[in-house]
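Below is one structure; the comments refer to it alone.
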Amino acid sequence: MKSLMQKMTGKMMLSLSLVVSTSLNTGMDIHAQELSPRYLDTSLSFEERAADLVSRMTLEEKVSQMVTDADAIPRLGVPAYRWWSECLHGIARNGNATVFPMPIGLAATFDDDMVYKIANAISTEGRILYDMAQKRGNFSKYTGLTYYSPSINIYRDPRWGRGQETYGEDPFLTSRMGVAYVKGLQGNDPKYLKVAACAKHYAAYSGYTDAEVRISETTDVDMYQTYLPAFKALVKEADVESVMGAYNLINGEPASGSRKYLVDILRNQWGFKGYVTSDCGALARFVNVFNICKNAKEAAAIAANSGLNLNCGGTYKSGLPGAVKEGLVKESTIDSLLTTLLTTRFKLGLFDNPKDVPYSSLSWDKVDCAEHRALAYQAAAKSFVLLENKNNTLPLNSEDHYVYVTGANANNQDALIGNYFGMNGQLSTFLEGISNKMPKGMSLQYRPGVQLTKEAYNEWTTKEAPEADVVVACLGLTNALEGEGMDAIAADEHGEVPSLSIPEAQLSFLRKIRANIDSGKSKNKTGKKSKLVVVLTGGCPVILKDVRELADALIYAWYPGEEGGNALADMLFGRYSPSGRTPLTFMKSVEQLPPFDDYSMKGRTYRYMDKEAMYPFGYGLSYTTFEYVGLQLPAVVKAGEPATVSVSITNTGKMAADEVVQLYIKDVEASVDVPLRQLCGFKRIHLKPGETQKVTLDIAPENMSVVTGTLKRTIEPGVFRVSIGNGQPLPVTANYVEGEFKVKGKKTLEL
C-alpha cells in the first residue's frame, strides 16, 4: 500500500509534467523549467530542501505550517501533520504501548544505560504507531513523530505536582538521564531521525502555570548553576531536535517569547539548530494572563521575533499574518523560522520514499513485546526504594504463610501509570503481581479497606490484619491527586501537593491496622505479631514521619508502570534485592521549605539545604551490605582537566545485589556561594556475595567550576573534597570514603 506522501507526490509530479508539456507546445525554453521541485531532490541537504519548499508558499500557507495542527497544502504535496505527541515514559494517548515507570522512578534507578534502552524501545513503538496511523488515514492528535519529551526541569520544590515528570532535584542526574533518553529516542542513523525529542519546559518551570519566576533578583547565577545545565547538556551532547518554551515569565519576560533565552543563550551560546515550540496555549497568556500585549498580532510578533518556530495553540494562525502585514514581523523572519521547523520533518523522512528511511519497516509485534515488557520490569525493579526495613522484615521468608493485601492502591491501575501515560491490556497491579508470584501453598486475602480520600464506614477490614503473617498496605497518591490540574480530578490544589501528605483517610486506616496488630494476642499461626509492610505510590516526596513510625518496612514505589505489580512481588519474596535511590530529598516537615513561589535555590534541595532530611537525596536500603575501601584520587589536578577517582566495593552480605555508587564533590575554598555538595558521578554495578569490583569515575572540569556574580564560569584554584559511596556523606549514609585534591591554576569555561 502506498503511503499518503507517495500518492500526493505522484499527483504533484503529474501536474509538473503537464507544465513541461505546455512549455514545449508554446515554444518556451524548457531548460528554464524545473522538471521536479528541489525539495524532493534527496541529493540536497534537508535545510536546502526545506528552504525551497518554504519559497513556494504564500504567507498564509507558511503560517498554517507553524501551528501544532499543520494544514495540508495539496498543490505542493504537503500532507497535514500533527506536531504534538507525547512519550514521557512510553507512547502516550495513542493506543496500545508499553508503559514504563514515570521519569521520577527512572531517576531512582540511577541507570542511564537502561534509560537509553527504554527510550530506544519507546521510539520503536512510536514509529510503528505512526506508520499504522498513516496507513489507516488517521491524522489525529498524538499520532506524529515529534514528541514533547523529556521533561528536564529541576524538581526544586517537592510540592510541585508535576515533579513526577522530571528526573528529580539534581542537575547532574537530570542531565545524564535526559541525554540518554534523547539519544535513545532520536536514534543513531547518520541521516534520519528515528523520532524527534523535545527538551521541556525551558526554563525554570516548576510551579504554578501563571507564575512569574524571579531568579536571584539581580543575577542569573541560580539559572546557570541549577536551572539551565540539563538543557545545555541535551543541546550540546544529545543534539536534541526541539526545545519547548515554558508557560511562565522569567524576570518579567515570557519564556516562550524571550530573545535572551531562545536566541542569545539557546542558539548563540549553545549552538542549538533545531526548532523551538511553545507550550500549548502559552502565547495566549501573553494577552489574557500576563497582559504584556493587547492582541494576538502583538503576541505572535513577540514570539516570532524571539525565535519561536512553532506555536502549540492558535495565536500564530490568527495573529501572524496580520503582524506581517502591519510590519510587526518581517516575512523573511517567517521564512527563516519555518525553514528550521520543516527541516525536522525532512529529517524524519516524511518527504522521502519510506523504503529509503530505515525506521519505516518495523513490525507491529514490537509494540509491548516481551522484550519491552522485560525492560519495563527491570526498570520498575530498579526504581523501588526501600526506605525502612526494621528487624529485617523483608524479604518475606518460609515462616510467612498468610499475606493480607489491602489499601486504596493495591488493585488500582492508576497507581501504576502516573500522567502522560499509554495503555495496554496487561497492566499488573500490586495485588495481581503478588497473586501471580506468591509461593505455592501461601494464603492470600485482599480487601481494599480504604479509598484514596475516603475511609470505610466500619473497621472490620482493619481487624483482619492480626490474622495474617504479613500485611501489605498499598497506599499513597495517584494521578487523581497530583499532576496537571486538568487531570488531578480528586485534588483540591490543582494537582499541587502543598501539605506533602497522603490523604488523612489513608493515614487513619494505617493507624488502625497498626493498633489492631499491637492491641493483643496475635491470631496468626506463628504466634508472632503481623509484619506491616507499607508500599507507597506517588511522584513527590511526601512527609513520612507517621508512616515511618507505623510501618515495619516501607517501600516507595513511585508510579512503576505496567510491570509494577510483578516487580514488587519479586522484591517482597526476595527474588532480588532492592536497589533504588531517592532522586530527591524527603523532608521532615513542610516548614523546612522556603516559600513555594521563591525560585532562589537558597535552602532548596540537598545541594543548598542545611536542615536534616528525613531521607536524603541518594538514599536507599538493600538486602545485603557493601564495603568501600581503597580510595584513589590525584593529589593535584590542573585547572580544566578531569579528575579520576576510583574505589573498590565488596558485597559483604549473603545476597547478590545491585549497588549504586555515588560520587559527590565540594569546593572547599570557593570565592562565591556554592552547593554544600553535589553529585558529579554515579555507576550501577552488580555484585555476588563476596565479590569485589573496582569502580572508576571521572569528575568533569565543569563540576569543579563556579558561576560568579558577573556570570563567568570559572575553575578556581583550591581544595576540593570528594566522597564516594552509596549515598551522601551524612550520618544516615551506610558507607562511603572521603578524600581531597587540589586544583592548580585558574580557567574560564563556557557559561
Donor-acceptor under 3.5 Å ([X] side chain, [Y] main chain):
X      : Y      : result
Arg285 : Tyr247 : no
Ser360 : Asp131 : no
Thr109 : Leu106 : yes
Ser64  : Glu61  : yes
Ser242 : Ala197 : no
Gln186 : Lys194 : no

Quick check: do [X] and [Y] have side-chain heavy atoms less than 4.5 Å from each other?
X      : Y      : answer
Leu129 : Thr143 : no
Asp112 : Val179 : no
Ile122 : Glu125 : no
Leu53  : Phe351 : yes
Asn153 : Glu165 : no
Tyr599 : Asn251 : no
Ile104 : Pro583 : yes
Val367 : Asn424 : no

Starting at [atom1] of [X], measure out to [atom2] of [Y] and round the result to the nearest 0.5 Å.
X      : Y      : atom1 : atom2 : value
Glu371 : Thr124 : CD    : OG1   : 8.5 Å
Thr537 : Met102 : OG1   : CE    : 12.0 Å
Ile417 : Tyr559 : CD1   : OH    : 10.0 Å
Leu193 : Tyr359 : CG    : OH    : 8.0 Å
Lys117 : Met114 : NZ    : CE    : 9.0 Å

Open item on the list: Listing request: all ring pair (Phe, Tyr, Trp, His ring centres under 6.0 Å) pairs with a residue in residues 175-204, at least two apart in sequence or in separate chains.
Closed with: Phe46-Tyr192, His201-Tyr205, Tyr202-Phe231
Indicate every side-chain donor-acceptor pair of residues 315-325 with a distance under 3.5 Å to a residue at least two apart or in another chain.
from: Tyr316; atom 1: OH; to: Ala304; atom 2: N; distance (Å): 3.2
from: Tyr316; atom 1: OH; to: Leu308; atom 2: O; distance (Å): 2.7
from: Lys317; atom 1: NZ; to: Asp71; atom 2: OD1; distance (Å): 3.3
from: Lys317; atom 1: NZ; to: Asp71; atom 2: OD2; distance (Å): 2.8
from: Ser318; atom 1: OG; to: Gly314; atom 2: O; distance (Å): 3.1
from: Ser318; atom 1: OG; to: Thr315; atom 2: O; distance (Å): 3.3

Task: Stepwise salt bridge (charged side-chain N to carboxylate O under 4.0 Å, His left out) test for Asp335 and Lys62 - done: CA-CA 8 Å; Asp335 293 347; Lys62 294 171 186 176; 2.6 Å; yes
Open item on the list: Does anything in residues 79-96 form a salt bridge (charged side-chain N to carboxylate O under 4.0 Å, His left out)? List the pairs, not counting sequence neighbours.
Closed with: Asp69-Arg82, Glu86-Lys200
Open item on the list: According to salt bridge (charged side-chain N to carboxylate O under 4.0 Å, His left out), does anything in residues 236-260 pair up with another residue at least two apart or in another chain? List the pairs.
Closed with: Arg176-Glu237, Asp220-Lys260, Lys236-Glu750, Glu241-Lys347
Open item on the list: Tell me whether the count of non-hydrogen atoms from other residues, nucleotides or ligands lying under 6.0 Å of CG in Asn288 goes above 12.
Closed with: yes
Open item on the list: For Ile489, is the CD1 atom crowded, meaning more than 12 foreign heavy atoms sit under 6.0 Å from it?
Closed with: no
Distance-only donor-acceptor hits, side chain of residues 272-279, under 3.5 Å, sequence neighbours excluded:
from: Ser278; atom 1: OG; to: Asn311; atom 2: ND2; distance (Å): 3.4
from: Ser278; atom 1: OG; to: Cys312; atom 2: N; distance (Å): 3.0

- [ ] Output every pair passing disulfide bond (SG atoms under 2.5 Å apart) with a member in residues 227-271, not counting sequence neighbours, ordered by first then second residue.
- [x] none
- [ ] Mind running salt bridge (charged side-chain N to carboxylate O under 4.0 Å, His left out) on Arg56 and Asp52 for me, showing each step along the way?
- [x] CA-CA 7 Å; Arg56 299 168 185 274; Asp52 179 70; 3.0 Å; yes
- [ ] Measure across Pro79 and Arg345 and return the closest heavy-atom pair with its distance rounded to 0.1 Å.
- [x] O-NH2, 3.1 Å
TODO: Indicate the atoms forming the closest heavy-atom contact of Ile302 with Gly257, along with that distance.
DONE: CG2-O, 3.7 Å
Task: Cation over ring face, Arg156 and Tyr227, 6.0 Å, 45° - done: no
Task: Test side-chain contact (heavy atoms from CB on, under 4.5 Å) applied to Leu88 and Tyr147, Phe100, Phe421, Tyr420, the passing residue - done: Tyr420
Task: side-chain contact (heavy atoms from CB on, under 4.5 Å), paired with Glu562, selected from Gln413, His372, Arg373 - done: Arg373
